[in-house]
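These notes are about the structure you will find just below.
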There are 2 protein chains.
Amino acid sequence: MTTTDSSSDHAGLRLAAAEPELLAGSIRSAGLKVTAPRLAVLRALTDRPHSNADALFGLVHAGLPGTSLQAVYGVLASFTTAGLVRKIEPAGSPALFERRVGDNHHHIVCTRCNVVHDVDCAVGHAPCLTPADALGFDVRAAEVIYWGLCSSCQAATSNP
Amino acid sequence: MTTTDSSSDHAGLRLAAAEPELLAGSIRSAGLKVTAPRLAVLRALTDRPHSNADALFGLVHAGLPGTSLQAVYGVLASFTTAGLVRKIEPAGSPALFERRVGDNHHHIVCTRCNVVHDVDCAVGHAPCLTPADALGFDVRAAEVIYWGLCSSCQAATSNP
DNA sequence: CATTTGTTTTGAGTAATTCAAAACAATATG
DNA sequence: CATATTGTTTTGAATTACTCAAAACAAATG
């Protein structure tokens with residue numbers, strides 16, 4: 001664990017020290033207790049958006065060896081219901097998580113290497129939120145996933 | 001097994017008799033052998049689009065008790081790769097299958113009762129096929145899922 | 001009708017995730 | 001600041017949806 005100097009609040013914010021406080025702050029303001037596994041998951045997710053539970057477990061466990069995979073699942077579940085992270089579930093992939101929430105953004109997934117990137121939708125502000133015929137549904141969200149080949153995989157495919 | 005009268009091709013098509021032939025025809029023209037489990041799965045999928053493997057197994061097994069769940073998975077896999085059915089995988093749900101393929105249509109899912117309906121996209125012919133920034137991807141498909149409350153669930157929610 | 005090729009059965013295995021009880025830790029309270 | 005309360009994590013097991021592999025079997029082909 002990094003040295004958390006509790007008297008550091010008198011000084012100017014140094015980035016390395018400030019970051020854990022920011023993470024703790026967002027956990028606290030989501031109404032959740034701040035714990036070491038939660039900080040570690042949130043930091044891992046900051047560094048590696050679109051990670052799955054297993055990858056996050058690997059990152060977290062490296063710095064905090066006591067942490068269990070189930071704890072990571074638990075942290076992710078509480079974060080997701082608290083609106084602190086967003087869970088995405090592309091076909092054929094385990095669930096992925098990201099901190100970018102509250103905006104209406106979508107994803108583009110490479111069918112070959114499975115890399116995921118964020119994309120904003122083409123159609124203005126609230127893209128595709130109105131289907132041609134909502135069939136009486138009260139539509140609350142529209143989820144768009146683009147599938148294709150990322151540029152590296154296009155390159156790898158043309159020169160094999 | 002229904003009586004397959006191979007001499008029936010001389011007569012006019014009766015609907016009850018014609019249907020198995022139509023099903024067989026589409027299996028054959030997908031380059032697949034026609035078998036009883038395949039006919040049964042395709043028929044079940046005609047009657048109940050957006051079914052999962054388990055539900056299809058139930059329907060198929062009722063009429064063809066020898067059929068195994070793995071056979072249903074096998075049939076669905078071959079149908080999917082042959083382009084005869086489409087597999088959709090909404091978040092939090094097992095995979096669903098439908099016969100409506102080749103057109104660009106999307107889905108609307110009830111967050112309460114999980115009912116699924118087809119929808120055409122609002123934005124013309126190839127909806128959302130162009131993300132704001134494709135990030136160098138060669139985009140091949142766009143998948144849209146709308147989430148909301150279906151009309152029955154809206155009613156059930158307002159008068160509890 | 002025999003052969004080939006593809007399909008299904010049977011049985012086992014796996015990945016991702018969830019559940020439950022007990023141990024434990026963070027915040028609220030006296 | 002000690003303690004109670006509540007929420008979190010650990011440990012261990014279970015479950016769901018799905019895949020794999022070998023042997024038995026059936027459809028199409030010549």
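First the proteins, then the strands, lettered A, B, ... as listed; each starts at 1. Below, each value reflects all heavy atoms present in this structure, side chains not excepted, and no hydrogens, waters or symmetry copies. It should be emphasised that the depicted structure is a prediction, and the values quoted were computed from it without experimental measurement.
- Atom CZ of A/Phe57 and atom P of C/dA15 are 15 Å apart (whole Å).
- Partners of B/His107 by side-chain hydrogen bond (donor to acceptor under 3.5 Å, both in side chains), not counting sequence neighbours, listed by chain and number: B/Glu98, B/His105, B/Asp118.
- Applying the side chain to side chain contact (heavy atoms under 4.5 Å, CB included) rule to A/Val101 yields the partners A/Arg86; only residues at least two apart in sequence or on another chain are considered.
- Residues forming a side chain to side chain contact (heavy atoms under 4.5 Å, CB included) with A/Ala91 (at least two apart in sequence, or on another chain): A/Trp147, B/Glu89.
- Members clustered with B/Leu149: none, using a 4.5 Å side-chain heavy-atom cutoff among hydrophobic residues.
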Nucleotide-resolved protein contact map, nucleotides 16-30 of chain C, B/S/- at heavy-atom distance under 4.0 Å:
SBBB------BS---
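- One interatomic measurement links the two molecules: CG of B/Asn114 to P of D/dA17, which rounds to 12 Å at whole-angstrom precision.
- Checked against side-chain hydrogen bond (donor to acceptor under 3.5 Å, both in side chains), A/Arg99 has the following partners two or more places apart in sequence or in another chain: A/Thr46.
- Note: the hydrophobic cluster containing A/Leu135 does not contain B/Ile145 (ILVMFWY, side chain heavy atoms under 4.5 Å, direct or indirect links).
- A/His61 is linked by a side-chain hydrogen bond (donor to acceptor under 3.5 Å, both in side chains) to nothing, counting only residues two or more places apart in sequence or in another chain.
- Taking only side-chain atoms of A/Arg38, from C-beta outward, the nucleotide of D/dT9, D/dT10, C/dT8 with the closest atom is D/dT9.
- In this structure, A/Leu42 places its CG atom 15 Å from P of D/dT8, rounding to the nearest Å.
- Rounded to 10 degrees, the angle between the two end axes of the helix from C/dC1-D/dG30 to C/dG30-D/dC1 is 30°, with five pairs used at each end.
- Contacts classified as side-chain hydrogen bond (donor to acceptor under 3.5 Å, both in side chains) and involving residues 67-77 of chain A (residues at least two apart or in different chains) are not found.
- Counting non-hydrogen atoms under 4.0 angstrom, A/Ser78 reaches nothing in the nucleic acid.
- Per the geometry, CZ belonging to A/Phe79 stands 12 Å off C1' belonging to D/dT8, to the nearest Å.
- Atom CD1 in B/Ile27 sits about 17 Å away from atom P in C/dG6, given to the nearest Å.
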